[in-house]
Amino acid sequence: AAYARMIEAAVAGVGADALTMRVIVKDIAPDALAQMAGVQVIAQRPAGLEIETPRYRAFTELAKQLAAQGANFVEIAGNNDILYTAITDTPDDLGALHRFARQGNAGYRHLLLVKVSELANILRNSDATAQIEHIHDY
């Protein structure tokens with residue numbers, strides 16, 4: 001209980017995480033973005049369109065949707081690199097920083113760090129052998 005109170009006090013001092021973040025995308029029309037739930041077009045930037053999106057699990061699903069519609073990522077929350085996890089049935093080498101057997105589940109989790117500019121192609125080309133689990137939007 002004392003540890004929980006200490007964590008609660010630390011979070012209160014820093015504040016809760018924002019539930020949205022900014023992303024720069026290109027190769028997609030503003031009208032298409034406006035049709036997506038949770039996406040707000042903020043501005044046209046030299047590198048692409050600045051949008052505000054939800055974070056966490058919602059962002060992972062939205063990123064898959066954006067990639068499927070041809071969008072490419074330029075920047076995610078100010079970052080040029082992004083960490084994502086993928087699940088496979090076997091411990092195949094995907095070029096992961098780390099891979100390990102999943103506890104309580106079949107298969108293996110792989111931690112992969114890539115350039116943000118590569119993410120959409122990875123999402124578009126992931127196959128049944130490597131299921132994208134989560135994009136860590138930090």
Task: Side chain Asp92, main chain Thr90, donor-acceptor under 3.5 Å - done: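 No, the answer is negative, given that no donor and acceptor are paired below the 3.5 Å cut-off.
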
TODO: Side-chain contact test, heavy atoms from C-beta onward, threshold under 4.5 Å: evaluate it for Thr85 versus His136 and give yes or no.
DONE: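 Side chain of Thr85 against side chain of His136, heavy atoms only: contact under 4.5 Å found.
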
- [ ] Decide yes or no for Leu111 and Leu83: does some side-chain heavy atom of the first lie under 4.5 Å from some side-chain heavy atom of the second?
- [x] yes

- [ ] Kindly compute the distance separating CZ (Phe59) from OG1 (Thr20), expressed to the nearest 0.5 Å.
- [x]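 With rounding to 0.5 Å, CZ (Phe59) is 12.0 Å from OG1 (Thr20).
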
TODO: May I ask you to test the Arg55-Leu19 pair for a side-chain heavy-atom distance under 4.5 Å?
DONE: no

Open item on the list: Testing the basics here: between Ile82 and Ile135, what is the closest heavy-atom pair and its distance to 0.1 Å?
Closed with: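 Taking every non-hydrogen atom into account, CG1-CG2, 3.7 Å.
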
- [ ] Compare every heavy atom of Ala29 with every heavy atom of Leu49, then report the nearest pair and how far apart it is.
- [x] CD1-C, 4.4 Å

- [ ] Look up atom CG in Asn121 and atom OG in Ser126, then write down how far apart they are to the nearest 0.5 Å.
- [x] 11.0 Å

Open item on the list: Assess, by modelled atom type and distance only, whether the side chains of His110 and Thr88 contain a donor and an acceptor separated by less than 3.5 Å.
Closed with: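 Yes - a donor-acceptor pair under 3.5 Å links their side chains.
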
Task: Sub-4.5 Å side-chain heavy-atom contact between Leu66 and Met36 - done: yes

Open item on the list: To check you understand the geometry: which heavy-atom pair defines the closest contact between Leu123 and Ala67, and what is its length?
Closed with: CB-CB, 3.8 Å

Task: Residue pair Val116 / Val74, side-chain heavy-atom distance below 4.5 Å - done: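 No, their side chains stay 4.5 Å or more apart.
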
Open item on the list: Tell me the closest heavy-atom pair linking Ala130 and Leu94, and the distance in Å.
Closed with: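 Closest heavy-atom pair between Ala130 and Leu94: CB-CD1, 4.3 Å.
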
Task: From CA spacing to verdict: side-chain contact (heavy atoms from CB on, under 4.5 Å), Phe100, Arg109 - done: CA-CA 6 Å; Phe100 50 93; Arg109 177 171 286 118; 3.7 Å; yes

TODO: Examine distances only and state if a side-chain atom of Arg124 and a backbone atom of Ala68 form a donor-acceptor pair shorter than 3.5 Å.
DONE: no

TODO: Could you tell me the separation between the CG atom of Asp89 and the CD atom of Gln131, rounded to the nearest 0.5 Å?
DONE: 9.5 Å

- [ ] For salt bridge (charged side-chain N to carboxylate O under 4.0 Å, His left out), just list the numbers for Lys64 and Glu61, CA-CA rounded to whole Å, side-chain angles, deciding distance to a tenth of an Å, and then say yes or no.
- [x] CA-CA 5 Å; Lys64 292 175 183 178; Glu61 296 308 314; 3.6 Å; yes

Task: Check: Leu62 and Pro54 side chains under 4.5 Å, non-hydrogen atoms - done: yes

TODO: Could you tell me the separation between the CG atom of Leu112 and the CD atom of Glu118, rounded to the nearest 0.5 Å?
DONE: 11.0 Å

Task: Ile76 versus Val23, closest heavy-atom pair with distance - done: CG1-CG1, 4.2 Å

Task: salt bridge (charged side-chain N to carboxylate O under 4.0 Å, His left out): pairs with one or both residues in residues 32-51, sequence neighbours excluded - done: Arg22-Glu50, Arg45-Glu50

Task: Verdict with supporting geometry, Tyr84 and Val114, side-chain contact (heavy atoms from CB on, under 4.5 Å) - done: CA-CA 8 Å; Tyr84 73 94; Val114 298; 3.9 Å; yes

Open item on the list: Is there a side-chain contact between Met21 and Glu52 in this structure, where contact means two heavy atoms from C-beta onward sitting under 4.5 Å apart?
Closed with: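 Heavy-atom side-chain distance check fails, nothing below 4.5 Å.
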
Open item on the list: Between Ile122 and Ile132, is there a side-chain heavy-atom distance shorter than 4.5 Å?
Closed with: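 Yes; the side chains approach each other to less than 4.5 Å.
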
TODO: Please report the closest heavy-atom contact between Pro91 and Arg99, naming both atoms and the distance.
DONE: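 Shortest heavy-atom contact: O-NE, 3.0 Å.
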
